[in-house]
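Notes follow once the structure below has been shown.
Lettering follows sequence order; numbering is per chain, from 1.
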2 protein chains.
Amino acid sequence: MNEMTRQPATLQAVADAAGVHRSTASRALNPDKAHLIGPDVVERVQAAARRIGYQRDELAAGLRTKRSRLIGIVVPDLANLVFAPIVSAIETVLAANGYSALIANAGGGVARQIQIIDQLIAHRVEGVILATAQRDDPVVTRCAEAGVPAVLVNRAEEKARVSTVISNDICGMRLAVEHLVALGHRRIGHIGGPSHLSTGALRLEGFGKAMAEAGLDADAVVTAEAYTRDAGRAAAIELLDRHDLTAVATANDLLALGLYQELRARGLRCPDDISVVGHNDMPMIDMVDPPLTTVHIHQADMGRQAAELLLARIGKPETDTVTRVIDSELVVRGSTAPPRG
Amino acid sequence: MNEMTRQPATLQAVADAAGVHRSTASRALNPDKAHLIGPDVVERVQAAARRIGYQRDELAAGLRTKRSRLIGIVVPDLANLVFAPIVSAIETVLAANGYSALIANAGGGVARQIQIIDQLIAHRVEGVILATAQRDDPVVTRCAEAGVPAVLVNRAEEKARVSTVISNDICGMRLAVEHLVALGHRRIGHIGGPSHLSTGALRLEGFGKAMAEAGLDADAVVTAEAYTRDAGRAAAIELLDRHDLTAVATANDLLALGLYQELRARGLRCPDDISVVGHNDMPMIDMVDPPLTTVHIHQADMGRQAAELLLARIGKPETDTVTRVIDSELVVRGSTAPPRG
DNA sequence: TGACGTCGTGCAATCGATTGCACATACTTT
DNA sequence: AAAGTATGTGCAATCGATTGCACGACGTCA
C-alpha cells in the first residue's frame, strides 16, 4: 500500500522488488514469454508488480516494438449523428482487441485533413479508418506513402485502393424509388449529395437507374452542397421552383429535413402533397414529424466490419484489399403515401 | 522525391542529410530552441527534413519529455447524441492546441471504467476528461492516485475533487417548472434521472424547490433507471398510473420521448392532455412530434470550457480546481400549452 | 567422468528524440 | 594582447521496455 502516486512504478522497480533483472521481469509479465521463466519467479514478479501498482508504459514499449496499439479514426464531424453509431462500433471492436482509438474531426478542407493524418502518423498509429473519403482522396495517398494501413467506411474512393466498407448506395436508392413508384408516383425528384462523395454519386446513379427501369424521366435532380439541413433546404427551393413533383427521394436524412422545412414554408404537406424518402435512418429520425420513411443502413455493422478489416490487415499485411457492400433496407414510416388524385 | 515509404525518416537521417549532429537537428526543428542554432544551419536542417519527408515521432519524443500530447476522453456512450456535441467541441480545442483525443466508450460498469482509465494511463495521457462521473466516482480516485489531471464535464461528483463543467441543473429545472406554472398547471409530475448521477439528483432537487416556491406538492416523482427512451417509458407508466397530471417535467429529452410513446399508447395527446418539458435540447429534438419544449444546455460551450480547464491545469498543475456552472435556457416549442378546462 | 542439451536468467544494445554539459570559435572589453 | 563572454555544435546520457545473445547450472547419456 505504498504511496506510488508521484512516480509511476517502472519495470525496473518491479524487478528490484522481485529481486530479478528487469529483462526477466519483462518476460514474466508478458504472457507470450512467461514460459521462458521459472514458474516460481513468474509468480514472484507478478506479485511484486501488483504490490507496487506497476503499469506497463505503452509508449516506451511501443518505441521498441513499433506497436503503438493506437488506431486513428477520422470523421467529417463527430457531432454529425450519422457517424456516431459507426465510430461507437469501431471503438468497441478496437477496445476488445486491446487497441485505443485516436479520433479526429476533419471538418475543414483537404489541407487540414492531411495535417490531421500527419498528426496521427506522428503518434505512430498502426492503422487508420477514414469516414471522410472523397472519390479520389489525397489522404489515402498520404497513408499509402507513409505505409499506414487504411480502411474506408461509409464513403468509398472511385477506384478501390484500400479495403472499404460501404452500404449498397445504388441498391438503397433503388428501393426508395421503387417504393414511390409502387405507391403510384410518377413525377419524382431527387436531392443529391455532393458529387465528390461516393454516397452522393452512387445514390444519384441509383436514382437514375431506378427511374429508367420504371420508364420515368430522371431530370428533376438538384445536388446539395453538403449533407446539412440548410443545404437540403437550398436544394429543395431550387427543385420545387423548377419542377412540379409528387415525391422526392433524398440522398440523406438531413437533406430530407431541409426539404421538410421548405415544404412547411410553402404550406405544402407531407405526405399529402409530397412524399419524401430519406437515406441513412439516422438515430431519432423516427421521431420527426412526420416520421421519415428512409433507407436504413447498418451503421454499427459497417463500423464493426471496418475495424475488423483493419485489424486483420495489421495482423497480416499482405491481405488483399476487399470491398464490403452492406445491403440496406427500406423503412416505411409516415412521410410517404400515394399521390393525390 | 525518394521512396521513403518503407522506413519512416528518422531524425538521424535528417541530421546526416544536413551534415550536422542529430542534437543540432533536433534543436533546429524545435521552434523553442531554434534560436540556439545558427540561422543558416536551421534553414539547412529544415530543408533536409522537408526533402526526405521527416516526421517527428511523438512516441519517442514523449518517452524522453514525458509529454504524450494525448488526452483521454471517457463517455458513457459515443452513440448517445447528448455527448456528441460535447466530445466534438473538446476534440476541436485539443486539436487547436496540438493534442490528440483518445476516446473511449465506457458503457459497462465501474470495473470496466477502471480498466479503460488504466488503458489510457498506460498510454501516458497527460489528462482525462470524464463525462461519466457518478456522484462519488472511483475513476476520479484512480486518476488522482495515478497523478493524472482530470476534468469532469456534464456530470459532477458530489464533492468537487476536480475541476468540473456542468450546466445549472437546479436552475434549468426551475425554468421548466416555472414555465408550466405560468401556463396554469398545478398537477405537475417529474420523471427523474438515475439518482447516482448528479444530473438526476440536482434536477430532482430543482424540481422540488421550484414546486415548493409555487406552493405546489412535489410528490408525483418517479426515477428512471437510465437515460433511455425505454427507461423513460417505464417510468412514465408508473407515474401516470399513480397520478392524475396535466404536465410532466423530465430530467432528459430521451426520457421525454419515452413519455411521448406512453402517452400515445394511452391515447393521450400532447400538449392537449398533458404538457411535457424535456432537458438538454439534444440535436434533432426540435424535429420530433410535437416539437419538444426543453431546457437547452450549451453542450459545445461546456466541452470547450472543459478542454480549456484541462489544458490550463496541465500547463500549471498547481491551479485550483474550479467548478463552472453554465446557465441553461428554456426553449419553448410545441409540447407545452395551458391545461384544459 | 566428460561431452552435450536444455532451461532459466542476466547483459547490453536498441528504439528515436531530447537535453545538460563541455568545448571550440569568434567577439568584446580593459 | 590577454582575459572574458557570448554563441553555436557536438557528445553522451536518458526516458522505459524489449530482445538477441551469452553464460551458468543442471541433468542425461555414453
* For the side chain of A:Asp57, counting heavy atoms from C-beta on, which of D:dT14, D:dG16, C:dC15 is nearest? ->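 Looking only at side-chain atoms, A:Asp57 lies closest to D:dG16.
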
* **Nearest-nucleotide pick for B:Leu63, side chain only, options being C:dA17, D:dT18, C:dG16** =>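 The closest nucleotide is C:dG16.
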
* **Contacting residues from residues 118-128 of chain A, given that a heavy atom lies under 4.0 angstrom of DNA chain D** =>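 Per residue number, the list is empty: none.
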
Within this structure, what is the [atom1]-to-[atom2] distance between [X] and [N], rounded to whole angstrom?
{"X": "B:Asp32", "N": "C:dT18", "atom1": "CG", "atom2": "P", "result": "11 Å"}
{"X": "A:Leu29", "N": "D:dG16", "atom1": "CG", "atom2": "P", "result": "16 Å"}
{"X": "A:Leu11", "N": "D:dC15", "atom1": "CG", "atom2": "P", "result": "14 Å"}
{"X": "B:Leu59", "N": "C:dT18", "atom1": "CG", "atom2": "C1'", "result": "15 Å"}
{"X": "B:Arg67", "N": "C:dT19", "atom1": "CZ", "atom2": "P", "result": "10 Å"}
{"X": "A:Lys66", "N": "C:dT14", "atom1": "NZ", "atom2": "C1'", "result": "10 Å"}
{"X": "B:Gln55", "N": "C:dG16", "atom1": "CD", "atom2": "P", "result": "14 Å"}
{"X": "B:Asn30", "N": "C:dT19", "atom1": "CG", "atom2": "C1'", "result": "11 Å"}

* Distance-minimising heavy-atom pair for A:Pro85 and A:Val82 ->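 Shortest heavy-atom contact: CD-O, 3.4 Å.
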
* To do: Could you pull out the closest heavy-atom pair between A:Val162 and A:Thr321, with the gap in Å?
  =>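 What the structure gives for the nearest pair is C-CB, 3.9 Å.
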
* To do: Please confirm whether the backbone N or O of A:Tyr99 pairs with a side-chain atom of A:Asn97, one donor and one acceptor, at under 3.5 Å?
  =>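 Pair absent, no side-chain N/O of A:Asn97 close to backbone of A:Tyr99.
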
* Asked: Can you check whether B:Lys33 has a side-chain N or O nearer than 4.0 Å to OP1 or OP2 of C:dT18?
  ->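 Looking at the OP1 and OP2 atoms of C:dT18, neither is under 4.0 Å from any side-chain N or O of B:Lys33.
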
* To do: Could you pull out all residues at least two apart from B:Arg56 that satisfy side-chain contact (heavy atoms from CB on, under 4.5 Å)?
  =>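 Checked B:Arg56 against side-chain contact (heavy atoms from CB on, under 4.5 Å); matches are B:Tyr54, B:Glu58, B:Ala61.
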
* Asked: Got a sec, which residues hit side-chain contact (heavy atoms from CB on, under 4.5 Å) with B:Gln119, two or more places apart in sequence or on another chain?
  ->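 Result, side-chain contact (heavy atoms from CB on, under 4.5 Å) vs B:Gln119: A:Ser100, B:His123.
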
* Asked: Can you check side-chain contact (heavy atoms from CB on, under 4.5 Å) on B:Leu120 and B:Val125, steps first, answer last?
  -> CA-CA 6 Å; B:Leu120 292 177; B:Val125 292; 4.2 Å; yes

* Evaluate the criterion side-chain contact (heavy atoms from CB on, under 4.5 Å) for residue pair A:Gln305 and A:Ile326; output intermediate values, then yes/no. => CA-CA 10 Å; A:Gln305 292 205 34; A:Ile326 313 290; 3.4 Å; yes

* **Those residues that, when tested against A:Arg67, pass salt bridge (Lys or Arg N to Asp or Glu O under 4.0 Å) (two or more places apart)** =>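 In terms of salt bridge (Lys or Arg N to Asp or Glu O under 4.0 Å), with neighbours along the sequence ignored, A:Arg67 is linked to A:Glu126.
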
Please tabulate the protein-to-nucleotide N/O contacts below 3.5 Å involving nucleotides 8-10 of chain D, giving atom names and distances.
from	atom 1	to	atom 2	distance (Å)
D:dT9	OP2	B:Gly38	N	2.7
D:dG10	OP2	B:His21	N	2.9
D:dG10	OP2	B:Thr24	OG1	2.6
D:dG10	N7	B:Arg27	NH2	3.3
D:dG10	O6	B:Arg27	NH2	2.8

* Asked: What pairs of residues pass the salt bridge (charged side-chain N to carboxylate O under 4.0 Å, His left out) test when at least one of them lies in residues 69-93 of chain B, not counting sequence neighbours?
  ->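 Qualifying pairs, neighbours excluded: none.
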
